[in-house]
Participant: 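One structure is given below, represented as structure tokens, and several questions about it will come after.
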Amino acid sequence: MRAVVFEKWHTFPSLTDIERPKPGPGEVLLKVAGAGACHSDVALYKDFEEGAPGSIPPAFVLGHENSGWVEELGEGVTGVEVGGAYLVYGPVGCGRCKACSRGQDTYCENAAEMPYLGMGLGRDGGMAEYMVAPVRNLVPLGDADPVAAAPLSDAALTPYHAIKNSLPNLAGGGKYALVIGLGGLGQMAVQILKALTGATVIATDMKEDAMKRAEAAGAVVVPGGDGQVERIREITGGRGVDAAFDFVGAGPTIKTAAASMAPQSRFTVVGIAGGTFEWSFFTTPYESTVTNTYWGTIEDLHEVVAMYRAGQIKPEVELYSMDNALEAYRKLEAGELTGRAVVVPHMA
Ligand code: NAD
Ligand code: ZN
């Protein structure tokens, strides 16, 4: 079968032929419906130095944002339907520690001893015709379209988790949220904030078309450049935003968000561009929090699917056949996408 493989450090992935995997005990084989291309993949194959935090040694099949139809059950698997459509929760922890027990494999206490972080992250992922996943990682999609749903498992799950942690800051009237970086994750963040809160959503990106799409989803857009923080403050009546989300994570975006915070607000850095931030007592307003989040929980993913099925959120997707899978990554790197790129290995 064909697969997109991260083969060597600092090297663009290749489209190669590999053997179709077999499900082990407790696992299922999925016929892949959709595999989203995430900017974190670019960090993996292009940016990260070997051994640096976040780096994962090659080789493995990329794709940590997947959906598919169950094709075959491994030994001992019950309770899932062959032919049924499922979303794949990507992280794989030890399954026994406190974090894994609450469905938060991302913060597995035994991660250091695990041979991989998840599907498409050290273990073969979904940028292939077929993939194997532990049955515990399947979230049913019912009759919802699995191709368009693929981005839910990262592009929606990650902002959902960050936003859920910020809900206390956004509860009540007259609240403001700031979203920086309106790509795959940022566009979903705007939709999720509109669905879950009454906050005014302020959004920004370097790209005009990305801001237009956020505006159509109900955000107030503030272009970058000189005076951006002043304009954000003006919208909030001078007070600043109650919750900020940075889906870039570069020095300048972290600085913009930090300078836009209200007292007792929460700023979550989600993007992994590696920007740094110097802090002292007077840097941020009183009792404000600067934090980070990594992906989300299995429970969160069930909630994200419920929102999708209720029509509250809808990823905008650009579909690519397996033949064009590498073009999806080229466009992602070049910032030329206008929706989440989803590779559809079995395109009709
Ligand atoms: P993407 O390429 O789809 O979108 C990035 C967007 O940011 C683009 O629209 C781009 O124009 C914009 N941008 C870039 N630099 C900017 C700047 N200086 N100011 C304003 N806008 C800017 O990427 P994505 O797949 O949505 O991922 C976003 C980030 O989140 C990446 O760093 C990715 O690695 C990271 N990520 C983190 C997690 C996590 O769990 N923490 C999970 C998934 C992705
Ligand atoms: Zn664990």
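Position 1 is the first residue of the sequence, and the numbers go up from there. Quick caveat: nothing in here was measured; it's all calculated off a predicted structure.
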Participant: Starting from Leu182, can I reach Ile235 by hopping between I/L/V/M/F/W/Y residues whose side chains sit under 4.5 Å apart?
Facilitator: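 As far as the 4.5 Å side-chain criterion goes, Leu182 and Ile235 are not connected within one cluster.
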Participant: Ring-plane angle category for Phe247 and Phe245, please: parallel below 30°, perpendicular beyond 60°, tilted otherwise.
Facilitator: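 Parallel.
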Participant: Using modelled atom types and a 3.5 Å cut-off, is there a donor and acceptor pairing between side-chain atoms of Asp242 and backbone atoms of Leu170?
Facilitator: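 Not at all, since once roles are kept as given, no pair shorter than 3.5 Å links the two residues.
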Participant: Do Asp41 and His64 pair up side chain to side chain, a donor and an acceptor below 3.5 Å, judged on atom types alone?
Facilitator: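 Yes.
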Participant: For a quick test of reading the model, state the closest non-hydrogen atom pair linking Asp154 to Thr158 and the distance between them.
Facilitator: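 For Asp154 and Thr158, the tightest heavy-atom pair comes out as OD1-OG1, 2.5 Å.
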Participant: Nearest 0.5 Å, please: how far is CG in Asn324 from CG in Leu15?
Facilitator: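 Taking CG in Leu15 and CG in Asn324, the distance rounds to 9.5 Å.
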Participant: Does the plane of the ring in Tyr329 sit parallel, tilted or perpendicular to the ring in Phe12? Use 30° and 60° as the thresholds.
Facilitator: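 If you compare the ring of Tyr329 with that of Phe12, the planes turn out perpendicular.
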Participant: Mark yes or no for whether Asp246, through its side chain, and Ile254, through its backbone, hold a donor-acceptor pair below 3.5 Å.
Facilitator: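 Looks like yes, one N/O pair under 3.5 Å.
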Participant: Is there side-chain contact between Asp300 and Tyr89, with heavy atoms separated by less than 4.5 Å?
Facilitator: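 Side-chain contact under 4.5 Å: no.
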Participant: Please walk me through it: do Phe277 and Thr284 pass side chain to side chain contact (heavy atoms under 4.5 Å, CB included)?
Facilitator: CA-CA 11 Å; Phe277 172 64; Thr284 43; 4.0 Å; yes
Participant: Looking only at atom types and distance, does a side-chain atom of Arg233 sit under 3.5 Å from a main-chain N or O of Ala259, one as donor and one as acceptor?
Facilitator: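 Yes; at least one donor-acceptor contact below 3.5 Å.
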Participant: Could Asp205 and Lys212 be called an ion pair, given the rule that one side-chain N must be under 4.0 Å from one carboxylate O?
Facilitator: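 No, no charged N to carboxylate O under 4.0 Å.
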Participant: Output the distance between atom CD1 (Ile163) and atom CZ (Arg266), rounded to the nearest 0.5 Å.
Facilitator: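 Going from the CD1 atom of Ile163 to the CZ atom of Arg266 covers 12.0 Å.
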Participant: Taking 4.0 angstrom as the limit, do Arg102 and Glu299 come out as a salt bridge?
Facilitator: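 A salt bridge is absent here (no side-chain N lies under 4.0 Å from a carboxylate O).
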Participant: Step through the shown structure and confirm whether more than 12 heavy atoms of other residues, nucleotides or ligands are within 6.0 Å of NZ on Lys207.
Facilitator: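 Yes, enclosed.
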Participant: Do the side-chain N and O atoms of Asn169 and Ser265 include a donor-acceptor pair separated by under 3.5 angstrom?
Facilitator: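 There is no such pair (donor and acceptor under 3.5 Å, judged by atom type) between the side chains of Asn169 and Ser265.
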Participant: Answer with yes or no whether the side chains of Ser280 and Thr283 bring together a donor and an acceptor at under 3.5 Å.
Facilitator: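 Result is yes, a qualifying pair exists.
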Participant: Between atom OG1 of Thr236 and atom CZ of Arg231, what is the distance when rounded to the nearest 0.5 Å?
Facilitator: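 It is 13.5 Å, given to the nearest 0.5 Å.
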Participant: Side-chain contact, heavy-atom cut-off 4.5 Å: Arg309 with Asp143?
Facilitator: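 Yes, at least one pair of side-chain atoms sits under 4.5 Å.
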Participant: Could you label the plane-to-plane angle of the His161 and Tyr107 rings as parallel, tilted or perpendicular, counting under 30° as parallel and over 60° as perpendicular?
Facilitator: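 Rings of His161 and Tyr107: perpendicular, over 60°.
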Participant: Report yes or no: does Glu318 contribute a side-chain atom to a donor-acceptor pair with the main-chain N or O of Leu337 at less than 3.5 Å?
Facilitator: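 Side chain of Glu318 to backbone of Leu337: no pair is present.
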Participant: Say whether Glu49 and Ser55, considering side chains only, have a donor N or O and an acceptor N or O under 3.5 Å apart.
Facilitator: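 Distance-only check fails for Glu49 and Ser55.
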Participant: If you measure from CD on Gln312 to CG on Leu196, what distance do you get to the nearest 0.5 Å?
Facilitator: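 Going from the CD atom of Gln312 to the CG atom of Leu196 covers 7.5 Å.
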Participant: Ala217 and Val190: which non-hydrogen atoms are nearest, and at how many Å?
Facilitator: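 So the two residues come closest at CB-CG1, 3.9 Å.
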Participant: For the residue pair Met114 and Cys94, establish whether any side-chain heavy-atom pair is separated by less than 4.5 Å.
Facilitator: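 With C-beta onward as the side chain, the pair touches.
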Participant: Are Tyr116 and Val5 grouped together when hydrophobic residues (ILVMFWY) are joined by side-chain heavy atoms under 4.5 angstrom apart?
Facilitator: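 Tyr116 does not cluster with Val5.
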Participant: Between Asn66 (side chain only) and Ala35 (backbone N and O only), is there a donor and an acceptor less than 3.5 Å apart?
Facilitator: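 No; judged by distance alone, with no hydrogens or angles, the pair does not exist.
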Participant: How close do Val304 and Ala156 get, counting heavy atoms only, and between which atoms?
Facilitator: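 The answer is CG1-CB, 3.8 Å.
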Participant: Is there a chain of hydrophobic side chains (I, L, V, M, F, W, Y, each step under 4.5 Å between heavy atoms) that links Tyr308 to Leu157?
Facilitator: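 Yes, Tyr308 connects to Leu157 through the hydrophobic network.
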Participant: Answer with yes or no whether the hydrophobic clustering places Leu193 together with Leu185; edges join I, L, V, M, F, W, Y residues whose side-chain heavy atoms lie under 4.5 Å apart.
Facilitator: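 The answer is yes; both residues are in one hydrophobic cluster.
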Participant: In this structure, would Met119 and Val132 fall into the same cluster of hydrophobic residues linked by side-chain contacts under 4.5 Å?
Facilitator: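 Per the 4.5 Å side-chain linkage, Met119 and Val132 are not co-clustered.
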Participant: Between Trp9 and Phe48, is there a donor-acceptor pair closer than 3.5 Å when you use the side chain of the first and the backbone of the second?
Facilitator: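 No.
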Participant: Would you tell me whether Tyr160 and Glu303 have side-chain atoms, one donor and one acceptor, within less than 3.5 Å of each other?
Facilitator: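 Checked: Tyr160/Glu303 side chains pair up, N/O donor to acceptor below 3.5 Å.
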Participant: With distance as the sole criterion, is a donor-acceptor pair present between the side chains of Gln104 and Thr297 under 3.5 Å?
Facilitator: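 The criterion, which ignores hydrogens and geometry beyond distance, is not satisfied for Thr297 and Gln104.
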Participant: Does Arg20 come within less than 4.0 Å of Glu129, counting only side-chain N to carboxylate O?
Facilitator: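 So Arg20 does not pair with Glu129 through a salt bridge.
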Participant: How many angstroms lie between atom CE of Met211 and atom CD of Gln187, to the nearest 0.5 angstrom?
Facilitator: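 Result: 11.0 Å between the selected atoms.
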Participant: When you measure from the side chain of Ser166 to the backbone of Ala162, do you find a donor-acceptor pair of N or O atoms at a distance under 3.5 Å?
Facilitator: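 Checked: pair present.
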Participant: Work out which heavy atom in Ala33 is nearest to a heavy atom in Val344; give both atom names and the distance.
Facilitator: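 For Ala33 and Val344, the tightest heavy-atom pair comes out as O-CG1, 3.5 Å.
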Participant: Taking all non-hydrogen atoms of both residues into account, name the closest pair between Ala214 and Ala203 and its distance.
Facilitator: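 Closest heavy-atom pair between Ala214 and Ala203: CB-CB, 4.2 Å.
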Participant: Show your working on salt bridge (charged side-chain N to carboxylate O under 4.0 Å, His left out) between Arg213 and Glu316 and close with a plain yes or no.
Facilitator: CA-CA 10 Å; Arg213 285 185 290 132; Glu316 289 177 73; 3.7 Å; yes
Participant: Kindly indicate, with the supporting measurements, whether the criterion salt bridge (charged side-chain N to carboxylate O under 4.0 Å, His left out) is fulfilled by Arg330 and Glu327.
Facilitator: CA-CA 5 Å; Arg330 191 198 62 75; Glu327 177 66 3; 3.0 Å; yes
Participant: What distance separates Thr106 OG1 from Tyr294 OH, expressed to the nearest 0.5 Å?
Facilitator: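 So the OG1 of Thr106 and the OH of Tyr294 are separated by 7.0 Å.
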Participant: In terms of ring plane angle, is the pair His346 and Tyr130 parallel, tilted or perpendicular, where the classes change at 30° and 60°?
Facilitator: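 Because their plane-to-plane angle is over 60°, the rings of His346 and Tyr130 count as perpendicular.
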Participant: Glu72 vs Lys22, test: salt bridge (charged side-chain N to carboxylate O under 4.0 Å, His left out). Steps then yes/no.
Facilitator: CA-CA 9 Å; Glu72 194 186 317; Lys22 288 188 178 58; over 6 Å; no
Participant: Does the side chain of Gln264 reach to within under 4.5 Å of the side chain of Ser288, using non-hydrogen atoms?
Facilitator: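 No, every pair of side-chain atoms sits at 4.5 Å or beyond.
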Participant: May I ask you to test the Val135-Thr78 pair for a side-chain heavy-atom distance under 4.5 Å?
Facilitator: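 A side-chain contact is absent here, since even the closest heavy-atom pair is not under 4.5 Å.
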Participant: Please determine, by modelled atom types, if His39 and Glu333 share a side-chain donor-acceptor pair under 3.5 angstrom.
Facilitator: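 Checked: His39/Glu333 side chains show no N/O donor-acceptor pair below 3.5 Å.
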Participant: Sort out for me which residue in Thr204, Ile202, Val270 forms a side chain to side chain contact (heavy atoms under 4.5 Å, CB included) with Ile180.
Facilitator: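 So the option named by the test is Thr204.
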Participant: Out of Leu141, Asn137, Val70, Val139, which residue meets the side chain to side chain contact (heavy atoms under 4.5 Å, CB included) rule with Tyr86?
Facilitator: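 In the set Leu141, Asn137, Val70, Val139, the residue that makes a side chain to side chain contact (heavy atoms under 4.5 Å, CB included) with Tyr86 is Val70.
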Participant: With a 6.0 Å cut-off (strictly less than), is the heavy-atom count around NZ of Lys314, excluding the residue itself, greater than 12?
Facilitator: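 Check fails, neighbour count at 12 or below.
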Participant: Can you find a heavy atom in the side chain of Leu326 that is under 4.5 Å from one in the side chain of Val4?
Facilitator: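 The answer is yes, as the side chains (C-beta and beyond) meet within the 4.5 Å cut-off.
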Participant: Quick check: are there more than 12 heavy atoms from other residues, nucleotides or ligands sitting under 6.0 Å from CG of Asp209?
Facilitator: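 More than 12 within 6.0 Å, yes.
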Participant: So, the side chain of Thr197 versus the backbone of Ala199: is there a donor-acceptor pair under 3.5 Å, distance only?
Facilitator: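 The answer is yes, because a donor-acceptor pair under 3.5 Å joins these two groups.
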Participant: Using modelled atom types only, decide if a donor and an acceptor are shared between the side chain of Asn110 and the backbone of Glu113 within a distance under 3.5 Å.
Facilitator: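 Flag not set: sc Asn110 to bb Glu113 has no pair under 3.5 Å.
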Participant: Is any NZ, NE, NH1 or NH2 atom of the basic residue among Asp323 and Arg2 found under 4.0 Å from an Asp or Glu carboxylate oxygen of the other?
Facilitator: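 Salt bridge present between Asp323 and Arg2.
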Participant: Is there a side-chain contact between Val147 and Leu319 in this structure, where contact means two heavy atoms from C-beta onward sitting under 4.5 Å apart?
Facilitator: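 When only atoms from C-beta onward are counted, Leu319 and Val147 do touch, with a gap below 4.5 Å.
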Participant: For Met322 versus Ala128, what's the shortest heavy-atom pair and its separation?
Facilitator: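 Taking Met322 first and Ala128 second, the nearest heavy atoms are CE-CA, 3.8 Å.
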Participant: Side chains of Phe267 and Leu178: does their closest heavy-atom pair fall under 4.5 Å?
Facilitator: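 Phe267 vs Leu178: side chains apart.
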